[in-house]
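A quick write-up on the structure given underneath.
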Amino acid sequence: MPALPAGEWKHVAVTLTGTQGVLYIDGVEAGRNDHMTLRPSDLGKTKNNYIGKSQFADPYFDGLVDDFRIYSRALSAAEIAALIAPAGNIVSVEDAMLTTPAQEAPKLPATVKATLEDGSVSEAPVQWEPVDPSLYDKECSLFTVNGTVVGTETKVQAHVTVTKRVIAPFPELALRYTFDEGQGITVQDVSGSGRDGTLHGSPDWSGQGHKNQALTFSGTSGNFAHAGNDPKLQPGSLTLSYWIKRTGAMNDKENVLLWFKPEGSFAGNGFFVTYNGNSSIVFVDGANGFYVKQSPEEFLPLNEWTHIVFTYCERHGGGNGCGSQSNSYCNWCCPNADANASTTLFKI
């Protein structure tokens, strides 16, 4: 959850003393730097003391600000918490009631309603305890989260009902070719993205596709389809899905299915798929690759349609020290695959 979610009031405080700077969100420490080298007094007499704008040509602040304060010393953590505590003794608090889909962390409210001694009701900020993911793993279950009103010892609870899991919608397609044209040299992109392809050479149209028409490649030099050069065909993360039917021997030669890399640059950024006699290989993101430990003729049954899906997630890329995460699926199960990076593997 973002530190400053849209549409919600948040209390922000920053303290600075010596070389230590501390950031608080709703009375709770959110960040710390113990090596600060500049004090506000080092700036001398400032002339541009603005709220809502910079002295530079930066965008103006778009939002609400209230109860803005500057103290002449660094307040303690307890004093920061007291800034946002209700102005009066709390008589009672209203527990939170909410639902969350299975396998999705509950969105706990930042505040709860608190009744004070004078009969007034105010919104009191809450610091919730961490939630164990196992609590919301199963549908139709109930659990409770404990919390404390910030700046007080008043306890509060959130009662959570776990509902049915929500499946996220498919992302927007970058390209989809159904190969249902049956004639001509133009392959229509039915995704709506407008990335039509062009046939080169003389690939054959077939009326015996997995569904409707299909395109037959005979292995003859010069026969291929060109999808264009749109940079969006090189996403950071990708899912590649296709149906394929092997109609002849493949173990005795290289069988490049697709090449989305610079021409002649094996290690260039992009990806390609090949069935090369020993295994089925996918190379993505330079020369990083993974392969299926089966020969093409084992992997692809003769004269049968097989559905293949490759996935690659950039969030697990080499930059975070865990390598790239890739999966390959054959007819909705993942065959024994291996990689030169971190890989999740399945086989039936």
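Along the sequence shown, the residues carry numbers beginning at 1. Computed from heavy atoms alone, side chains included, the values below leave out hydrogens, waters and symmetry copies.
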Gln234 (side chain) donor-acceptor with Pro231 (main chain) under 3.5 angstrom: no
Under 4.0 Å between a Lys/Arg side-chain N and an Asp/Glu carboxylate O for Lys245 and Glu304? no
Looking only at side-chain N and O atoms, does Ser295 offer a donor or acceptor that is under 3.5 Å from a partner on Glu298? yes
Check Leu98 against Lys107 and note the closest heavy-atom contact, atom names and distance. CD1-O, 3.6 Å
How long is the straight-line distance from CZ of Arg195 back to CZ of Arg176, given to the nearest 0.5 Å? 15.5 Å
Glu297 (side chain) donor-acceptor with Asn251 (main chain) under 3.5 angstrom: yes
Could you list the residues that satisfy ring-ring contact (aromatic ring centres under 6.0 Å, His included) with Phe260, not counting sequence neighbours? Phe271
Nearest heavy-atom neighbours spanning Asp189 and Ser191: OD1-OG, 2.7 Å
Is there a donor-acceptor pair closer than 3.5 Å between any side-chain N or O of Trp205 and the backbone N or O of Gly184? yes
Does either side chain, that of Ser134 or that of Asp137, offer a donor lying less than 3.5 Å from an acceptor on the other one? no
Roughly how far, to the nearest 0.5 Å, is the CG atom of Leu300 from the CE atom of Met250? 5.5 Å
Are Asn146 and Gln157 linked by a side-chain donor-acceptor pair shorter than 3.5 Å? yes
Shortest non-hydrogen contact between Asn276 and Pro296, atoms and distance: N-CG, 4.1 Å
Please evaluate residues Glu129 and Lys155 with respect to the criterion salt bridge (Lys or Arg N to Asp or Glu O under 4.0 Å), reporting the C-alpha separation (whole Å), side-chain torsions for both, the decisive distance (0.1 Å), and the verdict. CA-CA 11 Å; Glu129 295 180 0; Lys155 303 301 181 182; over 6 Å; no
Looking at Leu173, is its backbone amide N or carbonyl O close enough to the side chain of Ser193 to form a donor-acceptor pair, meaning the two atoms are under 3.5 Å apart? yes
Would a single hydrophobic cluster contain both Val14 and Leu75, if residues Ile, Leu, Val, Met, Phe, Trp and Tyr are joined by side-chain heavy-atom contacts under 4.5 Å? no
Pair Glu172 + Lys232, salt bridge at N-O below 4.0 Å: no
Is the side chain of Glu181 donor-acceptor paired with the backbone N or O of Gln188 at a distance under 3.5 Å, no angle test? yes
Testing the 3.5 Å rule here: is there a donor-acceptor pair between the side chains of Glu153 and Thr148? no
Could you pull out the closest heavy-atom pair between Ala110 and Asp26, with the gap in Å? CB-OD2, 4.3 Å
Could you report the tightest heavy-atom contact between Asp180 and Lys211, atom names first, then the distance? OD1-O, 3.7 Å
Between Tyr177 and Gly197, the two heavy atoms sitting closest are OH-N, 3.1 Å
So Phe143 and Tyr136, would you call those rings parallel, tilted or perpendicular, with 30° and 60° as cut-offs? tilted
Verify whether one side chain among His200 and Asn223 offers a donor that lies under 3.5 Å from an acceptor in the other. no
Just do the salt bridge (Lys or Arg N to Asp or Glu O under 4.0 Å) check on Arg165 and Glu139 with the steps written out, would you? CA-CA 7 Å; Arg165 182 185 175 196; Glu139 299 177 356; over 6 Å; no
